[in-house]
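Numbered from 1 within each chain, the chains take letters A, B, ... in sequence-line order.
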Number of protein chains: 2
Amino acid sequence: MEEYQDHSLGGRVFQKLREDILSGKYKENDELRENTVGKELGVSRTPVREALRQLELEGLVTIIPNRGAYVTGISHKDIWDIYMIRSMLEGLCARWAAEHITEAQLDELEEAILLSEFQMKKESGFNTEQITALDGRFHAILYEASGSRILSHVLTDFHNYVQAARKSSIVSEDRARKSIREHRQILRAIKDRDPEMAEQLANEHIMHVMQNLKKQGY
Amino acid sequence: MEEYQDHSLGGRVFQKLREDILSGKYKENDELRENTVGKELGVSRTPVREALRQLELEGLVTIIPNRGAYVTGISHKDIWDIYMIRSMLEGLCARWAAEHITEAQLDELEEAILLSEFQMKKESGFNTEQITALDGRFHAILYEASGSRILSHVLTDFHNYVQAARKSSIVSEDRARKSIREHRQILRAIKDRDPEMAEQLANEHIMHVMQNLKKQGY
DNA sequence: GATTGTATGATTGTATACAATTATACGAGG
DNA sequence: CCTCGTATAATTGTATACAATCATACAATC
């Protein structure tokens, strides 16, 4: 979905702005002038407008008619809320995955975990970017395996939303190890076609990530 | 939020198209040409483009680069999935509302229910539009009372999404009565500051609506 | 007859021009 | 000194113009 995003200027501006907002480059209440943003990115106002309207829908920007677009940003409470919601929905997702997953998808999950474990074993210290990407990949496959485009859609959105926070969570090597172990347990439950167990484990997994985040001051 | 929607042409086109897609006026895979839509609504391509990009983000439209925008539509399974998700999240919402709600919001909830009960008592047969609106109002207040803009946002989205289905559910007078009774029970639990009970009741409430929908062939 | 290449038309992508609205500066009046 | 009103500038809202891409029709070739 949203394959056009990489192709059109509007899509690229959207992605760039979202990244910059979530990473904190644009701060709360910053004004996003169409002309200014356009000049910075070397495009005209039209694609910028499209992007701003989309960001408004995602809740990252507030548009006041005839006035302008202002960064909404996300508070620590927002992140906490998202993790509570995700905890429930990832549970539901794992349950459905346990009911619908294909052999091919099982293999993909296995591969993602194996690669993660491999990364952690490296003596040179693990690559944070890689681990984050593999974590995202594991969850993305799970979303797909739920067989619900609706659930997949909303979980993907939330996942992107807390991207910035996630990176800071996984830098803790201890947490990274536990996270991968939990992933393996979830996969085990799904392989065993045990929806109840899968749901509970996925549930707890997200709660653990959340608790770890809290320890880091979020 | 999204107050600009009523003000700008782009916002109005967005709402109109969403309504027409959800109501079934535009069917699956229908092509939405910018020029054609624009002429039908008496606006230029620019606001139509903005609307289409937003609809793409909501998953109601699929955009293929340099080709066009096509209606994605929502299947019965999508609706079923949404109700499962909503069931959980409305539960969470009711729980948080029981913890955070203000006196003013309690009054608003009371008022919405009283108006609903009044509508149902009318001998002339109840007004479907009114009942639907009041149902929406009850839930909207609850979303607000959760104190979580994130949860409120996602629940509002889903609520709009199944709007078409909701209307067909509430035409059943029997279901409408039970629905209002359940609303009153939820309010009771929240007033008693009983989060567990509120969560469970809200949970079941949505499941009941879902079951009723199923009986009607959804 | 099927297939491929090309020309033409239609549609989307982007930029720009113009209109409408709002913010700002400044002076008049109290 | 403060308030209000007006003029001007800046910004957003919308429409249109132009460029790029894609679909279609038709002819040439095998």
With 3.5 Å as the limit, what N/O pairs link the protein to nucleotides 21-23 of chain D?
from    : atom 1 : to     : atom 2 : distance (Å)
dT21(D) : O3'    : N66(B) : ND2    : 3.3
dA23(D) : OP1    : R67(B) : NE     : 2.9
dA23(D) : OP1    : R67(B) : NH1    : 3.2

Using only side-chain N and O atoms of R12(B), determine if any of them is under 4.0 Å from OP1 or OP2 of dT14(D). no
N/O to N/O distances under 3.5 Å, protein versus nucleotides 5-10 of chain D:
none

Would you give me the side-chain donor-acceptor pairs under 3.5 Å for residues 57-70 of chain B, sequence neighbours excluded?
from   : atom 1 : to     : atom 2 : distance (Å)
E58(B) : OE1    : R18(B) : NH1    : 3.3
E58(B) : OE2    : R18(B) : NH1    : 3.2
T62(B) : OG1    : T72(B) : OG1    : 2.9

Suppose we screen for ring pair (Phe, Tyr, Trp, His ring centres under 6.0 Å). Which residues come up paired with H100(B), at least two apart in sequence or across chains? none
Any side-chain N or O of R49(A) under 4.0 Å from OP1/OP2 of dA15(C)? no
Rounded to the Å, how far apart are E56(A) CD and dT12(D) P? 15 Å
Quick one: L9(A) CG to dT12(C) P, roughly how many Å, whole number? 17 Å
Mind checking what makes salt bridge (Lys or Arg N to Asp or Glu O under 4.0 Å) contact with K25(A), not counting sequence neighbours? D20(A)
Kindly state which residues belonging to residues 34-46 of chain A come within less than 4.0 angstrom of DNA chain D, counting heavy atoms of the residue only, listed by number. E34(A), R45(A)
Would you call the rings of H205(B) and H139(B) parallel, tilted or perpendicular, where under 30° means parallel and over 60° means perpendicular? parallel
Salt bridge or not for E31(B) and R33(B), using N-O below 4.0 Å? yes
Heavy-atom pair with the smallest gap, counting every atom of W96(B) and S146(B): CB-O, 3.6 Å
Return one dot-bracket line describing DNA chain D 5' to 3' (Watson-Crick or G-U wobble pairs, both distances under 3.5 Å; ( ) same strand, [ ] crossing, | another strand, . none). ||||||||||||||||||||||||||||||
Sequence neighbours excluded, every pair satisfying salt bridge (charged side-chain N to carboxylate O under 4.0 Å, His left out) that has a member inside residues 136-145 of chain B: E108(B)-R137(B)
Return the minimal non-hydrogen interatomic distance between D78(A) and G73(A), and the atom names on each side. OD2-O, 4.2 Å
May I have the distance from E50(A) (atom CD) to dG13(D) (atom C1'), rounded to whole angstrom? 14 Å
Applying salt bridge (Lys or Arg N to Asp or Glu O under 4.0 Å), name anything that partners K77(A), two or more places apart in sequence or on another chain. D81(A)
Partner set under side-chain contact (heavy atoms from CB on, under 4.5 Å) for L134(A), not counting sequence neighbours: L115(A), S116(A), Q119(A)
Between P of dT11(D) and CD1 of I64(A), the distance in whole Å: 15 Å
What I'd like to find out is whether the side chain of T46(A) reaches to under 4.5 Å of the side chain of R49(A), using heavy atoms alone. no
Does K191(B) have any salt bridge (Lys or Arg N to Asp or Glu O under 4.0 Å) partners at least two apart in sequence or in another chain, and if so, which? E110(B)
Hits for salt bridge (Lys or Arg N to Asp or Glu O under 4.0 Å) against K39(B), two or more places apart or cross-chain, chain-then-number order -> none
